[in-house]
Amino acid sequence: MSYHFNEIEAKWQKYWAENQTFKAENISDKPKFYVLDMFPYPSGAGLHVGHPLGYIASDIYARYKRHKGFNVMHPQGYDSFGLPAEQYAIQTGQHPAVTTEANIKTYRKQLDQIGFSFDWSREVRTSDPNYYKWTQWIFIQLFNSWYNKTSDKAEDIKSLIAVFEKEGNATINAAADDDIQSFTASEWKNFSEIKQQEILLQYRLTFLSETEVNWCPALGTVLANDEIVNGVSERGGHTVVRKKMKQWSMRITAYAQRLLDGLQKIDWPQPLKDSQTYWIGRSEGAMVSFDVIASEIAPSQTHKISVFTTRPDTIFGVSFMTLAPEHELVSKITTDAQKAAVEAYIKATAKRSELERMADVKTISGVFTGAYALHPFSGKKAPIWIGDYVLAGYGTGAVMAVPCGDERDYAFAKHFDLDIPNIFESVDISQEAHTDKEGTKIANSDFLNGLPYKKAMKTIIYEIEKRGLGYGKINYRLRDAVFSRQRYWGEPFPVYYKNGLPQMIDKQYLPIVLPEVEKYLPTEDGKPPLGNATTWAWNTNTNKVVSNDLVTLSGVEGSQKDNGIYPLELNTMPGWAGSSQYFNRYMDPQNNDDIFSKEAVNYWQDVDLYIGGSEHATGHLLYSRFWQKFMFDKGLVPQDEYAKKLINQGMITGISLFITKYSLCDKPETIPYEGNGKIVLANSDYDHNDSIDLAIVQVNDKSYGLICEYVYHVPVNLAMGNRIYIENLKLLLDTDRRFENIEIEQVLWDGEDKNGKYVSLRSEVEKMSKSKYNVVNPDQICIDYGADSLRMFEMFLGPLEQSKPWKTSGISGVHSFLKKMWKLYHSDTDGAFYVSEEEATKEELKTLHKTIKKVEEDIANFSFNTSVSTFMIAVNELTALHCNKRAILEPLAIIIEPYAPHIAEELWEKLGHSDSVSTADFPVFEAKYLVESSKVYPVSFNGKMRFTIELSLDLSKEEIEKAVMAHEKTQEQLQGRTPKKVIVVPGKIVNIVG
RNA sequence: GCUCGAGUGGCGGAAUUGGUAGACGCGCUGGAUUCAAAAUCCAGUUUCUUCGGAAGUGUGGGUUCGAUUCCCACCUCGAGUACCA
């Protein structure tokens, strides 16, 4: 019987499902181990071979940990809210829920086919009301909390109210909005209910505010910064404009420092930590205010410019100030003489799009306001300029310019011929600014003279604070996260509005289920898609969602009788809402009373291994850490970091194939044009190195003109290696709708082989995508080679964390390895399973134990690729030894199970076991079988002689010495001399002192 | 520009703290088996060579008895980021 992988795999997949082999219990005597994958968004295109890479790696790890005696939880689910299903709904009218359900079915089928050990009883879907009930619940918890900077944690809003009632807000040290008025306890008590609620909203961890957002008119939605790529929307590539809107925000900035500190204790890839650190962007410095010298236009008014600086120690080097063109003071301080120039400049910068401002980094521009600031220490006059290198959104939108110590200030000063005072001891600044902090002392700076950076910083901040000019401050780049989306297919907010103020709906009435709508687009008057819903109001008497018709104006105006029915929030939550706590919900996914039970979360604690892509570095992986810390503050979870270890798997790229233009046709003129649109298939030119393979040329009467360029991808499944046979190419050109109107007169071929005439193709590594015709589907691989081959091959491709191109041709290697292993225990003639009960020889045991050791090390290091090689070597050696012994096969089946579980189960069963191999203990290697030999490499003899030896684990120092001395090469080197001393360094080097 | 990562045969990639570079696989070449093909098996496959050897891990230096590995400078590629005061 040969290796019928299709039958074997189907059989065991069925067995696992029926026996719930991988179901993890929440109560166990075993130690827990939680292996998590980033759950997929179920897209319409289905899985391609790149998707399972991380899942295979985590599955190997999960299966390995089961062998090592852990109670392993390895769940999977779907991040099923998202824009593609909504856009599909807009195009076709099909409800996103229907699209999503269909896509999930496809995904599940594909995932099952690969033989993952997921515990499907724990599946979650973010779009399932039973799941998003808890997303809504967390939102309410955030709303009902404020951040106490003194205790450095989130607290219930009630504790804030208690303080307000007792002592007003003067003593409160909270993460809150910037523009909060101060009030006393009695003032608080006299505020109206509405006023009080408005104030509280400024402190809540999720709050409503007018924020400048990235509005995408084409999508009718607001996008987060990380959803915009190069100034256009990540999906669709539509233009994005800045616009002010009332939005829900999350006060993630309250956690900036803790998000930074938390990175210290988690084992995540350094590049990922770096990018989060940069994203949070902590900078230490000081706030300093400069008085504007009363100018002739407003001599009675006094103005102050506050600046944030990371280099207060260089304050004596200030020779001018720069304000962002949008800075509110600009209009107030500009002199009449400069008014025209300033206004023209502001107008010009406002016109420049974000894109232009980004692309054009080198141009220096700015304009003098005519006003001067008074240097708080030297008393000198510093001209105030405006320049677009200063951003309104960062710091205070103003900088104190220190040209000798900052590159941009330096360039600005040079360009406008401004003063560049040098405040560094023996440093030449005639060519460039001196930006190094350490190693230089300050000069020309009064009381700072002669001080190094650190001391100067301390001294100046002390002076600034003493003189009331400002204070030391830590600034973060991180901004609060906008949490509203103008979309249909997302979590609805558990919020209704009364008197224009948001009200939370009580937990017992959750979930607030997404309403049905006729149209998925924003309404004609610009409301989000939920504005189309007719049943979308909250009845506070019945606590039910009711028709909007019943909403009276009373709720807003208070002029009519209040009927208790109020409008519900029309926005929905963003994509990252659902993914910010899913890893905890897996612990207890069916719980209807709580997000998860105390018992479950106390048992599972946190994720031991999280595998996913690095593209989520500053999105999901930051937001989820924020929510976790909040949950921790509320005492809901025992850990404030949810994933101890994280691995970023690399991307599997596809190899795209292109037709080179020369092979497709000889001259453009030889191809006739037919049909609508006057298009003909032709070459753009005859340069072989040109990246344009094919051009579509418009015919004007008889003249040919190039109208657009077109790179013509050949579907990878039609090609044979880097060739496409002419029959296939003709078939392709005939059926491809891109060539509907094109008649191909002739196709030239590059050569001919046993399969016929062919055209050579050029290849390039690109991201796998439908539009590039380079997608390789795992289903077909499973049918042709089996899931075990797919699993092993994906690991064999290269290091897990590296991105690498897919090459289907290589799969035959791992496939024939599995066949070889099968053959080892099956008769050539009748195919019967045959295992010998004889004792294994020392040689066979050596192979086995070597393999066990190596595989275990590889798994610990996540180098699954080398494990596959190790298995191959083992089977080759066993084949050479004709070994078909139980003593070898039994442990072999266990150690190969994480990689190739189906064949392992089959062999295990044939060995007479009635249980799943996945529950077997991982075998222990024995050092005594690892003895290679004592290889000795003598190097030289000049007083000291060193040897490199390959140590065997069971050799003692004395034995090594003996082996070294007895070695012929040692004797050769010694040439009869007698060494005084032989020093053996365990592990590596032997020194022989002459 | 900055930050991080990486450069090893025709290709993907091995080489644990410095110790026989090129494991393993693909591809290629030759052979066996076969009416033939597939499949399978065996041998070879870094380069040059006067067949003794010699050179060789992006380039140039350095440390060392010994460097793919450590240090310095440079080159190339990839990823991230975008004027952060």
Side-chain angles (χ1 to χ4, degrees), chain A residues 2 230 269-275 277-279 281-283 285-286 288 307-312 314 321-322 324 354 357-364 387-391 393-402 405-409 411-412 475-478 614-615 617-618 648 650-651 721 765 792-793 796-799 801-817 819-820 823 828 854 857-858 860-861 863 865-876 879 935-950 973 987-991:
Chain A
S2 59
N230 295 329
Q270 197 54 41
L272 196 148
K273 285 192 189 181
D274 289 346
S275 75
T277 304
Y278 180 74
W279 194 262
R282 175 193 161 109
S283 49
V288 189
V307 298
F308 173 74
T309 173
T310 54
R311 296 295 305 273
T314 62
M321 312 284 296
T322 316
E354 285 281 316
R357 274 176 79 165
M358 274 200 291
D360 184 22
V361 184
K362 308 235 150 45
T363 315
I364 297 160
D388 67 359
Y389 80 95
V390 178
L391 301 180
Y394 184 77
T396 61
V399 301
M400 56 172 229
V402 184
D406 182 278
E407 276 169 39
R408 279 154 304 145
D409 295 345
F412 196 85
N475 221 35
Y476 298 94
R477 205 178 76 107
L478 186 72
S614 59
E615 67 272 20
T618 53
N648 289 131
M651 194 173 31
V765 172
M792 292 208 109
F793 184 55
F796 185 66
L797 271 176
E801 303 191 61
Q802 205 169 294
S803 83
K804 51 231 162 220
W806 178 269
K807 268 177 87 177
T808 304
S809 61
I811 202 167
S812 65
V814 290
H815 186 64
S816 62
F817 151 74
K819 278 199 282 193
K820 259 191 216 170
K823 260 177 76 176
D828 277 346
K854 183 72 167 64
E857 279 169 3
D858 286 342
N861 298 322
S863 45
N865 52 329
T866 51
S867 279
V868 180
S869 298
T870 307
F871 287 128
M872 288 176 175
I873 293 166
V875 166
N876 283 340
T879 304
K935 291 184 189 167
V936 183
Y937 313 111
V939 180
S940 73
F941 187 86
N942 49 356
K944 212 175 195 183
M945 189 173 196
R946 289 181 174 86
F947 292 86
T948 295
I949 67 151
E950 197 169 301
Q973 291 283 325
K988 223 62 180 179
I989 291 172
V990 180
N991 289 327

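Chain identifiers are assigned alphabetically (A, B, ...) following the order of the sequence lines, protein sequences preceding nucleic acid strands; residue numbering begins at 1 within each chain.
For Asn865(A) and A14(B), the shortest distance from a side-chain N or O to OP1 or OP2 is below 4.0 Å. Contact check, Lys819(A) against U40(B): a side-chain N or O comes under 4.0 Å of OP1 or OP2. Contact check, Arg477(A) against A85(B): no side-chain N or O comes under 4.0 Å of OP1 or OP2. Between Gln270(A) and U3(B) there is no side-chain polar atom (N or O) within less than 4.0 angstrom of OP1 or OP2.
Ser812(A) comes within 4.0 angstrom of sugar-phosphate atoms only, judged by non-hydrogen atoms across all strands, and of no base. Lys854(A) comes within 4.0 angstrom of nothing in the nucleic acid, heavy atoms only.
The CZ atom of Phe796(A) sits 12 Å away from the P atom of G27(B) (whole-angstrom rounding). Whole-Å rounding puts the Phe793(A) CZ to C26(B) C1' distance at 8 Å.
For G52(B), the base adopts the syn conformation, since its glycosidic angle falls within 90 degrees of zero. Under the 90° criterion around 0 for the glycosidic angle, G44(B) counts as anti.
Distance from the side chain of Ser275(A) is smallest for G80(B) among the nucleotides G80(B), C26(B), A39(B).
Using atom C1' as the reference point in both G12(B) and U16(B), the two lie 22 Å apart (nearest Å). Between A14(B) and A23(B), the two C1' atoms lie 5 Å apart (nearest whole Å).
Base pairing of C2(B): its partner is G80(B), meeting the Watson-Crick or G-U wobble criterion (both donor-acceptor distances under 3.5 Å).
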